[in-house]
Structures are given as structure tokens and as C-alpha cells.
Amino acid sequence: MTSVRSAFAAAVAIGLFVRGFLPTAVGAGLEVRSLMPAGGARASTVEVVATGNFPRWPVQAWVDRPGLSVSASGDKGKLAVTIAADTAAGTYWIRLYDAAGAAAPRPFVVGTLAEANEQEPNNSPAKAQAVTAPVVVNGRLGASGDVDMFAVPLSRGQTLVASIAGNETLGSPMDSVLEIVSPRGNVLAYNHDRLGLDPQIEFTAPADGVYLARVFAFPSVPNSTIAFAGGDQYVYRLSLTTGAVVDYPWPLAATRGRETQVELCGWNITDALRTVSIKPEGPMAEIFDPQMARGVSLIVEPHNTLIEIEPNPLGAAQKVELPVTVTGRIENSGDVDAFSFEAKQGEPLAFQVESRALGYPLDAVLEVTDSTGKSLARVDDVAASRDAALVFSPPTDGMFRVAVSDLNRQGSSRHVYRLRAVKAVGDFEVTADADSYVLASDKPTDITLSVARLNGLAENIEFTVSGLPEGVTAAPAQSSAQGESAKTVKLTLSASGGAHSGPIRIIGRAAGPGQIEHAAGAALPLRGMRTSDLWLTVTGTKQ
């Protein structure tokens, strides 16, 4: 997921995590494969066991934002994570490091519910671990064939929301399955891939009694085995609650500085929690209440945001003015949401639909037509994503329509989406070749940056490095619109000072009036996760 911001640990910095796929480097053999437990409650100190390779112990720890303090104990691999009482709920990133290098950061989730650790053996109904909702169970499928079971008492009519955070949040290499089972072993509810590869079940108890939550998994990357999978990296957090769980805010976007009424949609949400008024100023608006099992966020736009108004099929499209971000829902089978807009010839427009990336089931189809309904552009998936995006250059001045539908003509209250329609402008993305680097005082280090130019960006891009310690310099680097540097840039670091360990950021700025600025990101050894909090270790000696 997720984006994560700000910074703290032995030092304070600012962090942002986005998605991507590339190999990553590990400094001097230091490696963290998992943290167990992978989270904790506010106002607590959690003993965490890190698995991996630790050639030098103790290590130090850096955290990407305030609220956590992490210290290494005398036993190799053991950490104490102290969570302040006022710490914001959400995902934090912990990076372990020493004088010789740094491991890639790992996610650690701060929650609001009571926490428990899985206790083995619990692989059968007779041995199911007793827990009381609401609770988050920190578990691990420790070996091939492992199954974990938890016994939860429920009253008739209570709705239990059971969900696993494993692959999507923690990067665990597991495609988990969740079942609600009767004490006799009958499967009452089942889910596999509700939230990406992570499951979620909403189960209403038909009678008073004890119900079992059963967890097992397959590898997230399929192989030739057919057995249940497990290992030290198969770490998960199982949330079991009969309290409020927000599935999504309605709308999914708000305009900066404008007061917006937000309806919280989900399960077990009381009237007192259902509607929230916000007036956002930053890039994201966070909504959270201690009664909620998890918070929710809205993107904040500099332009107009609105909600679709039904009925709005192609023949009666809802009129909008660009730029705009629309929150919509494909609620019924075969539903099509259409929006009409005015455009000028040759002025390209960018359309983007987000649903799967936000955790919802819409397999979006995006289509642009003229005023008569003639199709001018249509797209389904983009690369590996089930979401859709396209750039459209109007052939004439006039009115056009953009339509959103589901590829399989499905619909439900959860088939929500966010449609962004704006003028297409040049942009860029930058990827660094590693998330951490080691620099010796007598040997410069090169950082290779891959540049992706979007929508015809023709300006030069200048790269600078922030967070460099005294004695470390970065030679100027630039990406030109033509030639080799349009796609690849080498940035050279040199050191003349003493030892240092700390985060750095590589910032790219495009020349011209647009003032476009982005930080370089690097892929992590976790499914689809990236960081722009890079790490620099200066050893002071030749490596």
C-alpha cells in the first residue's frame, strides 16, 4: 500500500512508501526477513523477534515517523518496541542498521484493539485458541501444513468482521484463506482474496455460541506444491471485532479547504459515527475514532470533487467540468456511469479510475465517446493493475463522454471507484537501484536512477540529495529529454569525513513553469512496496 509519511528514530526524517517491483540491496549482510509480532497497541511495549541475518549485534533502529521507539535487547534478534499512548494508528516502517550497513525497512502496524499472540498448538477445533472480540491476534504459519484456529464467543445477531493483514500490509509471501467454522468443523463462511491476497469475512451469528476462525495459506507466488504453506515469513495479523469497521468513506476524495460531509460505510457503524465533517488542507485527510477498528483516509485534491448522481447512463450522462475527481459506485449488474464534459481539440486529457488499488472489487473499464456515443478510446487493465487509465486528445472542439463500468458486468455496494479527469501534463517517475548504499571515504559510490517520462515531458530534470552529512558530496546530475540520460542517470557520492548512518532523499525537479518535483523511490524485498527514504552508510574506510 500504502503511503506512509514523516520520520523518527535516532533521527527524524520524512518518508513516503509507494508500490513497485525491483530488486533491492542489503548493506553488509544485515537482513530482516520478518518481525513477530508485526504490530502492537498504543500505550504498550512489545517484545518483537526479528528473523534474518545479524552479523553484528546489537543494532540500531530508525522509524519513519514519530510515535515508536525501538531498542535492541542483549539477545540477538530481540527488539523492544515502545508505542506512545497518543501514537496515530497505522503502518510504521522500522529499519535496522549498524556501522557497516542497513537492512531494508519492515512494516509494523499500530492498532487500537486489544492484542494477543498466537499460541501453538492450535491447529484443530479441539485445540483452538480462545480469544474474545475485539482483538488482533498476531500469528505466524510457521511451517508447511500449519493451520491456526481461534475460538470466538458470539451472541445471536452479532456481526463479526474478521480480516487478515498479511500479504498486502506486511508483505508476507502468503495467499491466505480465512474460514468461520462451527465447533463440529462445518464451514459457515469462507473468503480468499477480499483485500488483494488478504481475506475478510463479515459473519452474523445465527445463534449464541462459540465460532472458530481458521487460517491457512498458500504461497503468494504459486509453485508446484499443493500443500498449505508456511515459514518464518508467513506472519499475519488477524482482526476479530464486533465493533465498527469502516470499509470506505463516501466520497473518496475532498477538495482542499472546502468543508465536506463524509459518510462512513461499513459494518457495525453507529449513527454517531456515520457522518463526519472535514475541511482538509494537506494531501490526505485522515478520519479516525477510537471506536473504529481502523482509520480511513481520503485523497485531497486542488480541484473540484463531487459524487455521481444516478441515473447517469451514456444517454443521460452527468455533466461535469474538468478538472474534477468523481466518487462513484457500480451498484447493479450491468450499470454504466457516464459523465459529459467539454473539451478543446488537441488539448490532451488524462483519465484514471482507482478501485482495485484501494481494496475494492471493481474491474474497471474506462471509455471515452463523442456526443453520439461513438467510442473514441477504451481501456481495461493497465500493466498488472485491474484499474484503468488513458490519455485522450480530443479530435475536435465539443462535448464528449467518459464512462466507467465493470468488465464482468458485476456490481455491488462495494464496487466503488474514484475517477480523476484532468488536463494531461508532462510528469516523471524516478526509481533508485537500491534502498541503501555504503560509501567509503576513499571510493565514490554511484547511484543509478531510472527515469520514466510521462505525457511527453520535455524539460530537463535536475537531481539533488538531501540529508547528506558533512563531508559527503553529490556531483550534479541531470536527465535531458534526449539521449541516454533521458532514461538513466548516474549520481555519484563522495566522502571525505567520518562514519555516518542515516536516511537520505533524492529529489528530482523538472525545469520550467510546472515546478514538478518527485523523490526517487526504491523497491523493497516485499511484494510491490517501495520507499523514498533511502539509506546512506559512510564507513570512513575502503569497502
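Residue numbers count from 1 along this sequence.
Distance check, rounded to the nearest 0.5 Å: CD1 of I506 to OG1 of T431 gives 11.0 Å. The structure places OG1 of T492 at 8.5 Å from CD1 of I447, a figure rounded to the nearest 0.5 Å. Note that CG of D533 is 11.0 Å distant from CH2 of W93, once rounded to the nearest 0.5 Å. Atoms CG and CG, from L195 and L358 in turn, are 12.0 Å apart once rounded to the nearest 0.5 Å.
At least one side-chain heavy atom of L322 sits less than 4.5 Å from a side-chain heavy atom of L349. Counting only heavy atoms from C-beta outward, the side chains of N304 and L306 approach each other to under 4.5 Å. A heavy-atom distance below 4.5 Å is found between the side chains of R414 and R194. The shortest distance between side-chain heavy atoms of M284 and S297 falls below 4.5 Å. In this structure the side chain of E429 reaches within 4.5 angstrom of the side chain of L454, judged on heavy atoms. Two residues are said to be in side-chain contact when any heavy atoms from C-beta on lie closer than 4.5 Å; T448 and T488 meet this criterion. In this structure, V391 and F351 have side chains that are not in contact, with every pair of non-hydrogen atoms separated by 4.5 Å or more. Counting heavy atoms from C-beta outward, R420 and R418 have side chains that stay 4.5 Å or more apart.
In the model, R509 has a side-chain atom that pairs as donor or acceptor with a side-chain atom of T464 under 3.5 Å. Between the side chains of Q261 and S277, at least one donor-acceptor pair of N or O atoms lies under 3.5 Å. Side-chain contact of D370 with T372: a donor-acceptor pair under 3.5 Å is present, judged by distance alone. A donor and an acceptor atom, one from each side chain of E308 and N312, are located under 3.5 Å apart. Between the side chains of T204 and T159, at least one donor N or O sits under 3.5 Å from an acceptor N or O. A donor atom on one side chain and an acceptor atom on the other are found under 3.5 Å apart for H303 and T325. In the model, S239 has no side-chain atom that pairs as donor or acceptor with a side-chain atom of R294 under 3.5 Å. Side-chain contact of T369 with K374: a donor-acceptor pair under 3.5 Å is absent, judged by distance alone. With no hydrogens or angles considered, a side-chain donor-acceptor pair links R453 and S479 at under 3.5 Å. Between the side chains of T396 and Q345, no donor-acceptor pair of N or O atoms lies under 3.5 Å.
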Return all side-chain donor-acceptor pairs below 3.5 angstrom for residues 329-344, not counting sequence neighbours, or 'none' if the list is empty.
unit_1: R329; atom_1: NH1; unit_2: Y248; atom_2: OH; d: 2.6
unit_1: S333; atom_1: OG; unit_2: R409; atom_2: O; d: 2.9
unit_1: D337; atom_1: OD2; unit_2: Y417; atom_2: OH; d: 2.7

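In this structure, the side chain of R106 does not engage the main chain of L35 through any donor-acceptor pair within 3.5 Å. When atom types are taken as modelled, the side chain of R356 and the backbone of P361 share a donor-acceptor pair closer than 3.5 angstrom. Checking side-chain atoms of D289 against main-chain N and O of Q291 turns up a donor-acceptor pair under 3.5 Å. Judged by distance alone, with hydrogens and angles left aside, the side-chain atoms of S355 form a donor-acceptor pair with the main-chain N or O of V416 at under 3.5 Å. A donor-acceptor contact shorter than 3.5 Å links the side chain of S485 to the backbone of S480. For the pair R401 (side chain) and S371 (backbone), a donor-acceptor distance under 3.5 Å is present.
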Practice task
Mind running side-chain contact (heavy atoms from CB on, under 4.5 Å) on H192 and D175 for me, showing each step along the way?
Solution key: CA-CA 8 Å; H192 191 199; D175 184 358; 3.1 Å; yes
Practice task
Take R530 and D435 through the salt bridge (charged side-chain N to carboxylate O under 4.0 Å, His left out) test and state the conclusion after the steps.
Solution key: CA-CA 9 Å; R530 288 168 41 116; D435 72 86; over 6 Å; no
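Between H415 and Y360, the ring centre distance reaches or exceeds 6.0 Å.
In plain terms, the two heavy atoms of S220 and N167 that are nearest each other are CB-ND2, 3.5 Å.
By the side chain to side chain donor-acceptor pair (under 3.5 Å) test, E367 is found to be paired with S375, residues two or more places apart in sequence or in another chain being considered.
Heavy-atom neighbours of E459 CD from other residues, nucleotides or ligands within 6.0 Å: above the threshold of 12.
With respect to D363 and R386, a salt bridge is recorded, a charged nitrogen being found less than 4.0 Å from a carboxylate O.
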